[in-house]
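Just below is one structure, and these are the notes that go with it.
Basis for what follows: all heavy atoms, side chains included, without hydrogens, waters or symmetry-related copies. Chain A is the first sequence line, chain B the second, and so forth, proteins listed ahead of strands; every chain is numbered from 1.
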2 protein chains.
Amino acid sequence: MEWTAPRVLLAVDLVILTLRDARLHVLLVERGVEPHLGASALPGGFLRDEHEDITSAARRELAEEAGLSDVPHLEALGVYGEPGRDPRGRVVSVAHLAVAPRLPEPVAGTDAAGARWVPVERALTAELAFDHRRILADGVERARAKLEHSALATAFCDETFTISELQQVYEAVWGIRLDPRNFYRKVQNARGFIVADGPMRRTDTGRPARLFRAGPVRVLNPPMSRP
Amino acid sequence: MEWTAPRVLLAVDLVILTLRDARLHVLLVERGVEPHLGASALPGGFLRDEHEDITSAARRELAEEAGLSDVPHLEALGVYGEPGRDPRGRVVSVAHLAVAPRLPEPVAGTDAAGARWVPVERALTAELAFDHRRILADGVERARAKLEHSALATAFCDETFTISELQQVYEAVWGIRLDPRNFYRKVQNARGFIVADGPMRRTDTGRPARLFRAGPVRVLNPPMSRP
DNA sequence: GTAATAGTGTCTGTAAGACAGTATTGG
DNA sequence: CCAATACTGTCTTACAGACACTATTAC
């Protein structure tokens, strides 16, 4: 028998998270083509050609659709390939999780015209194209889990940051309040998580805080336990 | 411009783990077709048709190539789609992790003629087709991590098991020795992890042990910490 | 001074790891 | 009796969470 394997369309979708006003936001775009024209969706698109690497495609969409030329964290999240998920045919999407620090402007004006930051809480209850609500939920859950055991939280911060800024990351992603004093101690006890960045200080209101930067360690020990 | 998205071949590969002689084993097959004809490889294959679900394809390969009609654990592991990984063209593989209890016979004689259980330690140092060594390494690492926080270990056991059998799972997967007395206490303190299965007992040598079965809980609290 | 945030110390409960000791089987 | 494994208890150390307290800024 001359059976030939079927071919599928390969897409990448992006869950891009950031902090704005101490709340977790995700980047959504307004779809400019069918299907789901005009609906909110995660940024993403098809592989450009047969030879494009999947991670490269994710980075390209990050630049094209979100105007982000570089992010401190990008990882594959999972595969979403249910047969009926896209009416254009059999589309298999490799979802990615990206994390970026708060940006000066929500989005640049390239192809990313319809892009905007949306609070995750609202995005999760809104109508999203395809199975993007599930992808978003999985991405947020992945971020929540990784905050515990990895240094992912620093990807939400600028190069230097205060401990309370780092605490805001944990509070926003986990959606809970933390005791600043215990957080201070725990973050310092996680060896290699953050390192002091000179004796510099910064000011908002109240006593100025020391500045830190991300340490060399990727896996936290002891971990930052979620209550 | 009339650009059309490229299509790729979609495959599933399987990291099937089990315990044999208190050591972690993985199921490998001998490839019967080019490329890598005759080489050792993970079981797997292409999507059957445009409408086959990815998980269904994984289950089908599990039955066809491994003779396993049902396993207590099956989950997607990741996507492996590097452009050059398969000379037949652009192949994107969705790797899966399956866990099965020790089986009466290594493999049935259906299509799984060339299938055999290989100690993971040896498989990781052997020559494997494609990028299967990396997939295997990732699968083992996933299993190791999940033992800590989930009830995955019970998937390696029969429906009822003793605590020392469960300990053998942890020791084999983590590749370390554990103190039986501390293990006993920890496993019992993880609420809902295992539940007593009547006052039955079983015998090997020494004092007979109580039998347990998997509890309702999927996430362990407190976790089984890896030393 | 007050308000606000940064940072330190102290207490209590829980859990991990080391390991002594008892219990129950077979030979 | 001994060997072997199952199970219980006890001790020490580490960390989580609660929270009193001091420090340093702006006003």
Is B:Arg185 side chain donor-acceptor paired with the D:dG9 base, going by distance under 3.5 Å alone?
no
From CZ of A:Arg177 across to P of D:dA16 the rounded distance in Å is 20 Å
Would you mind classifying the nucleic acid contact of A:Thr162 as base, sugar-phosphate or nothing, using non-hydrogen atoms under 4.0 angstrom?
nothing
In whole Å, I'd like the distance from the CZ atom of A:Phe183 to the C1' atom of D:dA18.
17 Å
Quick check: any donor-acceptor pair below 3.5 Å linking the side-chain of A:Asn182 to the base of D:dC19?
yes
Examine the side chains of A:Asp13 and A:Tyr80 and answer whether a donor and an acceptor come within less than 3.5 Å of each other.
no
Side chain of B:Thr205 - closest among C:dT25, D:dT24, D:dT5
D:dT5
In whole angstroms, how far is the P atom of D:dT24 from the CD1 atom of A:Ile163?
17 Å
Is it true that the side chains of B:Asp197 and B:Thr160 contain a donor and an acceptor less than 3.5 Å apart?
no
Is a salt bridge present between A:Asp179 and A:Arg181, judged by a nitrogen-to-oxygen distance below 4.0 Å?
yes
Please work out which of the three classes, parallel, tilted or perpendicular, describes the rings of B:Phe130 and B:His132, given edges at 30° and 60°.
tilted
Write down the distance between CZ (B:Phe193) and C1' (C:dA15), rounded to a whole number of angstrom.
17 Å
How many whole angstroms separate atom CZ of B:Arg226 from atom C1' of C:dG17?
17 Å
Closest-nucleotide ordering on DNA chain C, the 5'-leading residue of B:Arg181 and B:Lys186:
B:Lys186
Atom CD of B:Glu171 to atom P of D:dT5: distance rounded to whole Å?
12 Å
Below the 4.0 Å mark, does C:dG17 have OP1 or OP2 next to a side-chain nitrogen or oxygen of B:Ser225?
yes
Between B:Asp53 (side chain) and B:Thr55 (backbone), is there a donor-acceptor pair under 3.5 Å?
yes
Between D:dT8 (C1') and B:Arg210 (CZ): distance, integer Å
10 Å
Euclidean distance, atom CG of residue B:Leu211 to atom C1' of D:dA6 [Å, nearest integer]:
13 Å
Nearest to side-chain heavy atoms of A:Tyr184, which nucleotide of C:dG7, D:dC15, C:dT25:
C:dG7
Contact class for A:Pro227 vs. all strands (heavy atom < 4.0 Å): base, sugar-phosphate, or nothing?
sugar-phosphate
Looking only at N and O atoms, is any donor in the side chain of B:Arg207 or the base of C:dA23 less than 3.5 Å from an acceptor on the other one?
yes
